[in-house]
Amino acid sequence: MSKNVKTSLIWIFVGVMLALMYVPILILIIYSFTDAMALGVWGGFTFDLYKALFTDSAVLGALGNSLLLAFISALLATVLGTTAAVGIYYMKRKRKAVAQFVSNITMENAEIVTGVAFMMFFLLTNIQYGWPALIIAHTMITVPYVILSVTPRLSQINPNLYEAGLDLGASPIGSMVRVVIPQLIPGMISGFVMAFTLSLDDFIVSKFINGGVETIPIYLYNALAKRGPDPTLRALSSVLFIVVLAALISVNAVSASRKKKALKKAA
């Protein structure tokens with residue numbers, strides 16, 4: 001088989017996989033501009049679903065809860081994850097391997113197991129279901145993703161920067177905050193966005209411990225269970241997809257811009 005044929009087959013495979021992932025979302029977005037009850041029936045172009053969406057107090061309340069929860073948990077996860085990444089990076093080899101393994105458990109574990117575990121933990125510790133439990137749980141399940149985002153950045157910076165700060169008279173904390181942390185900002189931003197989107201999207205863990213606090217995924221589940229395929233949910237899903245996509249594109253664009261500036265300075 002020639003190289004050109006192999007390359008063509010690879011591109012065809014990639015195209016098919018991308019189509020399977022994104023064509024359903026594209027169809028959803030297209031049909032969010034028609035108020036027909038049945039998906040696949042075009043009732044004419046209209047913004048009525050979006051008008052109904054942004055005047056529905058239940059949807060706006062769930063959206064506000066989701067955004068607030070995602071912001072708080074992502075902010076906490078960024079602080080804890082960055083601190084953990086720095087600590088793990090400077091550990092000795094065996095301890096580092098153990099710490100990395102432990103930090104990856106929540107990512108590799110089944111979400112339903114994590115949800116049940118959090119439910120039992122908060123029950124045993126008398127931590128109230130609702131906002132306190134949601135913030136703690138969402139922070140803990142997103143910290144590993146921040147660690148993954150920050151760790152590669154640590155390996156790219158000069159390992160002597162921390163000691164240089166100490167030699168210049170800074171305290172250990174001062175050297176870390178003033179010298180090391182600014183070098184990690186791109187990784188921290190990427191970790192924050194990833195934690196934010198994961199928290200915004202979480203359903204299984206939140207369902208066990210929400211305590212009546214309704215987030216967007218829980219609202220969607222309850223709405224589908226009670227009313228069936230409400231057309232307004234098409235508009236809501238489209239808005240969420242576009243917001244997350246815009247955030248990811250912005251972060252990648254900023255990261256690429258900083259890399260170009262760094263390369264120009266190095267040249």
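If you read the sequence from its start, that first residue is 1, and numbering goes on from there.
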Quick one: closest heavy-atom pair of [X] and [Y], and the distance?
X: Y31; Y: R234; result: O-NE, 2.9 Å
X: V146; Y: A195; result: CG2-CB, 4.3 Å
X: G81; Y: V143; result: CA-CG1, 4.0 Å
X: I72; Y: I135; result: CG2-CG2, 4.0 Å
X: A137; Y: I209; result: CB-CD1, 3.4 Å
X: V150; Y: T82; result: CG2-OG1, 3.9 Å

Can you list the steps and then say if T142 with S199 is a side chain to side chain donor-acceptor pair (under 3.5 Å)? CA-CA 7 Å; T142 53; S199 174; over 6 Å; no

Using residues 182-194 as the side-chain source, report each donor-acceptor pair under 3.5 Å to any protein atom, sequence neighbours left out, with the distance given to one decimal.
from : atom 1 : to   : atom 2 : distance (Å)
S190 : OG     : P186 : O      : 3.1

What side-chain hydrogen bond (donor to acceptor under 3.5 Å, both in side chains) pairs are there with at least one residue in residues 42-54, not counting sequence neighbours?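 Listed once each, the pairs are S32-Y50, T46-D48.
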
Treat each ILVMFWY residue as a node, draw an edge where side-chain heavy atoms are under 4.5 Å apart, and state whether [X] and [Y] are in one component.
X: L28; Y: Y22; answer: no
X: L18; Y: I27; answer: yes
X: F241; Y: L198; answer: no
X: V244; Y: V23; answer: yes
X: Y145; Y: I88; answer: no

Answer yes or no: is there a side-chain heavy-atom contact under 4.5 Å between [X] and [Y]?
X: S206; Y: I218; value: yes
X: T34; Y: F45; value: no
X: S66; Y: P217; value: yes
X: L49; Y: L53; value: no
X: L68; Y: W131; value: yes
X: M119; Y: Y129; value: yes
X: F196; Y: L75; value: no
X: F121; Y: I127; value: yes

More than 12 heavy atoms of other groups within 6.0 Å of [X] [atom1]:
X: F71; atom1: CZ; result: no
X: F13; atom1: CZ; result: no
X: M91; atom1: CE; result: yes

Rounded to the nearest 0.5 Å, how far does [atom2] of [Y] lie from [atom1] of [X]?
X: Q128; Y: F122; atom1: CD; atom2: CZ; result: 11.5 Å
X: L69; Y: N65; atom1: CG; atom2: CG; result: 8.0 Å
X: T215; Y: H138; atom1: OG1; atom2: NE2; result: 6.5 Å
X: F118; Y: I136; atom1: CZ; atom2: CD1; result: 8.5 Å
X: D202; Y: L200; atom1: CG; atom2: CG; result: 10.0 Å

Is a donor on one side and an acceptor on the other found under 3.5 Å between the side chain of T151 and the backbone of L148?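 No; judged by distance alone, with no hydrogens or angles, the pair does not exist.
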
Does D201 use its side chain to pair, donor to acceptor, with the backbone of T197 at less than 3.5 Å?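 No; judged by distance alone, with no hydrogens or angles, the pair does not exist.
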
Taking atom types as modelled and ignoring hydrogens, do the side chains of N222 and E214 form a donor-acceptor contact shorter than 3.5 angstrom?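 Yes, because at least one side-chain N or O of N222 sits under 3.5 Å from a partner of the opposite role on E214.
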
Within 45° of the six-membered ring axis of Y221 and under 6.0 Å from that ring's centre, is NZ or CZ of K207 located there?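 Cation-pi check for K207 and Y221: fails.
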
Evaluate the side-chain contact (heavy atoms from CB on, under 4.5 Å) criterion for residues I29 and F33: first the C-alpha distance (whole Å), next the side-chain angles of each, then the deciding distance (0.1 Å), finally the verdict. CA-CA 7 Å; I29 293 173; F33 292 101; 4.2 Å; yes

side-chain contact (heavy atoms from CB on, under 4.5 Å) assessment of I147 paired with Q100: CA-CA 9 Å; I147 295 175; Q100 287 175 336; over 6 Å; no

Distance-only check: which donor-acceptor pairs under 3.5 Å involve side-chain atoms of residues 105-113, not counting sequence neighbours?
from : atom 1 : to   : atom 2 : distance (Å)
N109 : ND2    : T114 : OG1    : 3.3

Report the C-alpha distance between L236 and Y219 in whole Å, list the side-chain angles of each, state the deciding distance to 0.1 Å, and finish with yes or no for side-chain contact (heavy atoms from CB on, under 4.5 Å). CA-CA 11 Å; L236 177 58; Y219 171 83; 4.1 Å; yes

